[in-house]
Amino acid sequence: MENSEIARLLAETADLMEIAGEDPFRIRSYRNAVSAIEAYPEPLETMGRQPGRSFTEIPGIGKGLASAIREILERGSFERRDEMLAKYPPTVLPMLRLQGVGPKTLRALIEHFHISTMDDLERICAEQRLRTLPRMGAKLEEKILRSISQFRQSAGRFTLDFAANVVEDLAKHLGEVTPAGSFRRGKETVGDIDLLMTSKDPAGAIQRFVSYPGIKEVLAKGENKASAKVGFEGIQVDLRVLPAESFGAALQYFTGSKEHNVALRTRAVHRRLTLNEYGLFRQEGGERVAGETEHGVYEALGLAWIPPELRENSGEIEAAETGSLPRLIERSDIRGDLHMHTRESDGRATLEEMAEAAKTLGYQYIAITDHSKALAMANGLDEKRAVAFARRVREFNRQNGGVYVFSGLECDIKRDGSMDLAEDALAELDFVVGSIHSYMNMEAEEMTDRLLRALESPSLRALGHPTGRVLLHREAFPFDFARIAEAAAARGVALEINASPERLDLHAPLLRAAKAKGCRFVISTDAHHCKHLENMRFGVLMARRGWLGPSDVLNTLPLEQFKAALRIS
DNA sequence: GCCGTTTTCGGCCCGACTGTTTTCAGTCG
């Protein structure tokens with residue numbers, strides 16, 4: 001069993017305990033354990049088999065949780081979870097994710113209306129019965145209904161990191177598979193996963209697939225194709241086993257997008273060719289022109305091979321025809337990571353651990369950007385602590401020859417657009433990221449003014465997660481993006497591509513718009529522990545979808561050039 | 001439930017908004 005699954009069971013139990021109104025400190029311990037386990041580099045299952053070792057080695061895990069973990073590894077659940085599930089069915093849990101619904105409200109709803117699903121809650125709100133409860137009114141009914149509808153829209157979609165884990169696991173089980181579909185295009189959320197492979201023994205490959213232990217339900221099983229729901233969340237995976245001669249055509253076909261494929265097929269027809277998932281053929285005589293490789297298919301259509309991230313029929317075919325496709329940024333171009341948190345605020349690792357992890361990734365530099373004081377819950381830094389931290393970082397760099405650390409801050413942009421910390425304190429820091437974490441329900445005009453004012457701050461280097469969206473959860477807040485991009489370009493403030501798979505903010509259309517306005521970018525992980533640093537790849541995918549090359553992204557610069565860009569000696 | 005002790009108990013990040021009230025509980029970050 002994976003660490004993430006153990007963490008999920010504990011988190012679910014903590015949610016249920018919260019609804020039941022149990023001791024908040026005990027619940028906090030569970031939540032601490034969840035993030036400790038998620039961040040833990042070693043599989044607990046392996047660790048549990050090693051004599052002389054105990055889960056209490058992990059900070060945040062004591063005797064009680066260690067025994068719960070042992071129980072989970074033995075039988076897939078533990079006593080307290082079973083108890084809680086006897087009280088409340090797991091179907092109540094998704095309702096906790098709705099805006100305006102917390103554990104207390106949910107408990108009141110369950111007790112008064114005996115609801116157990118989101119459908120029940122929707123009905124209560126639609127019938128305007130929620131308002132019969134104390135302290136609940138029409139506004140909450142509306143808010144919940146809005147939130148339910150948004151939840152429905154995102155249901156059945158998954159974040160990229162989740163899909164990546166499924167793909168990696170399946171690849172271990174199946175051998176060489178090639179993902180296609182929106183996953184291969186690097187779309188920020190995916191609905192299902194398409195996997196392709198070639199094999200001399202298709203039946204054997206299909207059999208291996210349907211016997212994968214993570215499979216929840218086999219939806220279809222044929223000679224060359226099978227579909228199944230995989231994992232607890234039930235993401236659909238389609239596997240296709242193909243003959244080698246049509247692999248490239250199939251890869252092209254199943255990678256899409258639909259719009260891109262329509263344009264390609266039209267192009268083929270103009271050339272008296274026909275393109276399908278089996279290959280590219282002459283209309284007269286049916287002779288195969290291409291199909292073994294994707295490159296061959298594009299070449300036969302008079303096009304350069306198009307990177308999957310660009311295949312949205314938004315100019316890439318024209319560029320491929322004229323040989324003007326951009327040289328896209330790659331993960332190996334990245335020299336540093338400029339947004340991360342440590343224990344100083346709400347991160348889990350120390351500055352030293354982050355620097356070490358960055359070194360392993362081959363980086364030359366990082367910026368530590370903990371939260372500022374407005375995020376009290378994250379133990380954000382005030383002026384005094386920020387300046388002291390900058391001193392500590394300078395000391396670290398003197399003593400340490402490895403990765404160069406820039407002192408930074410993720411400074412809250414307050415309601416009026418001013419910075420959370422005084423400018424003289426910010427001036428002590430090397431790299432200030434400005435981010436909005438509150439008052440996201442402003443009108444567009446007010447929000448635009450707020451961001452414009454923030455961009456006036458002389459210390460600001462980058463605008464963090466600029467639209468504030470959280471995938472599958474919260475929409476971007478409204479503002480005039482074109483004006484902000486123009487102002488950022490004029491002020492020399494970089495726009496962040498936040499690589500956290502929950503955000504992936506900015507996304508492709510905005511990146512292209514911003515690039516056209518002359519903006520520069522940084523790709524940053526917003527890591528809260530060392531493992532998160534690996535999310536850089538998702539940020540790079542986003543940048544590629546936005547047609548960005550290395551010269552558009554500041555953290556491709558080697559250390560000395562980056563310092564020069566910041567005017568740091 | 002964890003942790004660290006002033007070591008077997010007592011403390012454990014908190015400030016502000018929202019919608020509902022008419023003084024504040026619950027949510028959010």
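This structure is a prediction, so every number in the text was calculated from the model and none was measured. Residue numbering restarts at 1 for every chain, and letters A, B, ... go by the order of the sequence lines. The figures that follow rest on heavy atoms only: side chains count, while hydrogens, waters and symmetry mates do not.
- Atom CG of Asn441(A) and atom C1' of dT27(B) are 13 Å apart (whole Å).
- Ile436(A) comes within 4.0 angstrom of no nucleic acid atom, judged by non-hydrogen atoms across all strands.
- Residue Pro24(A) is classed as having no contact, given no heavy-atom separation below 4.0 Å to the nucleic acid.
- Straight-line distance from the NZ atom of Lys373(A) to the C1' atom of dC13(B): 17 Å, rounded to whole Å.
- Within the nucleic acid shown, Lys143(A) has no heavy atom closer than 4.0 Å to any nucleic acid atom.
- Nucleotide dT8(B) has no partner under the Watson-Crick or G-U criteria, as no pair reaches both atom distances under 3.5 Å.
- Comparing dG1(B) with dT7(B), their P atoms are spaced 25 Å from each other, to the whole Å.
- In terms of position along DNA chain B, the nucleotide closest to Gly62(A) lies nearer the 5' end than the nucleotide closest to the other residue of the pair Thr105(A) and Gly62(A).
- Separation of the P atoms belonging to dT23(B) and dG29(B) is 29 Å when rounded to the nearest angstrom.
- dC13(B) and dC28(B) have their C1' atoms separated by 15 Å, with the value rounded to a whole Å.
- As a whole-Å value, the separation of Met136(A) CE from dT18(B) C1' is 13 Å.
- Between dC17(B) and dG11(B), the two P atoms lie 30 Å apart (nearest whole Å).
- Distance, Leu375(A) CG to dC17(B) P: 14 Å, rounded to whole Å.
- Residue contacts for Pro134(A): at a heavy-atom cut-off of 4.0 Å it reaches no nucleic acid atom on any strand shown.
- No side-chain N or O of Asn379(A) forms a donor-acceptor pair with one of Ser345(A) less than 3.5 Å apart.
- Contacts of Arg80(A) with the nucleic acid, taken as non-hydrogen atoms under 4.0 Å apart, involve only primed sugar atoms and P, OP1 or OP2.
- Ile484(A) and Leu455(A) make their closest contact through O-CD1, 3.8 Å (heavy atoms, listed as atom of the first residue, atom of the second, distance).
- Closest contact between the side chain of Tyr439(A) and the listed nucleotides dC14(B), dG1(B), dA16(B) involves dA16(B).
- Across all strands, Ile61(A) comes closer than 4.0 Å only to sugar-phosphate atoms, never to a base (heavy-atom distances).
- With rounding to the nearest 0.5 Å, the separation of CG in Leu381(A) from CG in Leu375(A) is 11.5 Å.
- Close to dA16(B), at under 4.0 Å from its OP1 or OP2, lies no side-chain N or O of Arg415(A).
- Residue Arg474(A) is in sugar-phosphate contact alone, with no base atom involved, counting any heavy-atom pair closer than 4.0 Å across all strands shown.
- Put simply, the residue from Glu496(A), Glu410(A), His339(A) that forms a side-chain hydrogen bond (donor to acceptor under 3.5 Å, both in side chains) with Ser435(A) is Glu410(A).
- For His465(A) and His437(A), the ring centers sit closer than 6.0 Å to each other.
- A centroid separation of 6.0 Å or more is found between the aromatic rings of Tyr439(A) and Phe477(A).
- Lys139(A) has its NZ atom 12 Å from the P atom of dT21(B), to the nearest Å.
- Remark: Leu409(A) CG to Arg461(A) CZ distance equals 13.0 Å, nearest 0.5 Å.
- Ala14(A) comes within contact range of no nucleotide atom at all, as no heavy-atom separation falls under 4.0 Å.
- Distance from the side chain of Lys104(A) is smallest for dT27(B) among the nucleotides dG1(B), dT27(B), dT20(B).
- Remark: P of dC3(B) and OH of Tyr30(A) are 14 Å apart, rounded to the nearest angstrom.
- Rounding to whole angstrom units, CZ of residue Arg31(A) and P of dG1(B) are separated by 14 Å.
- Along DNA chain B, the nucleotide nearest Met377(A) and the nucleotide nearest Val101(A) are compared for position; the residue whose nucleotide lies closer to the 5' end is Met377(A).
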Return the polar atom pairs (N/O with N/O) between nucleotides 4-12 of chain B and the protein under 3.5 Å, or none.
none

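- A gap of 15 Å separates the P atoms of dT21(B) and dT27(B), to the nearest Å.
- Atom CG of Leu140(A) is separated from atom C1' of dA25(B) by 13 Å (rounded to the nearest Å).
- Ser438(A) comes within 4.0 angstrom of nothing in the nucleic acid, heavy atoms only.
- A ring-centre distance under 6.0 Å is not found for Tyr365(A) and Tyr363(A).
- A side-chain N or O of Ser457(A) and one of Glu423(A) form a donor-acceptor pair less than 3.5 Å apart.
- For the C1' atoms, the distance linking dC14(B) with dT8(B) amounts to 29 Å, nearest Å.
- The separation of dA16(B) from dT22(B), taken at their P atoms, amounts to 25 Å, rounded to a whole angstrom.
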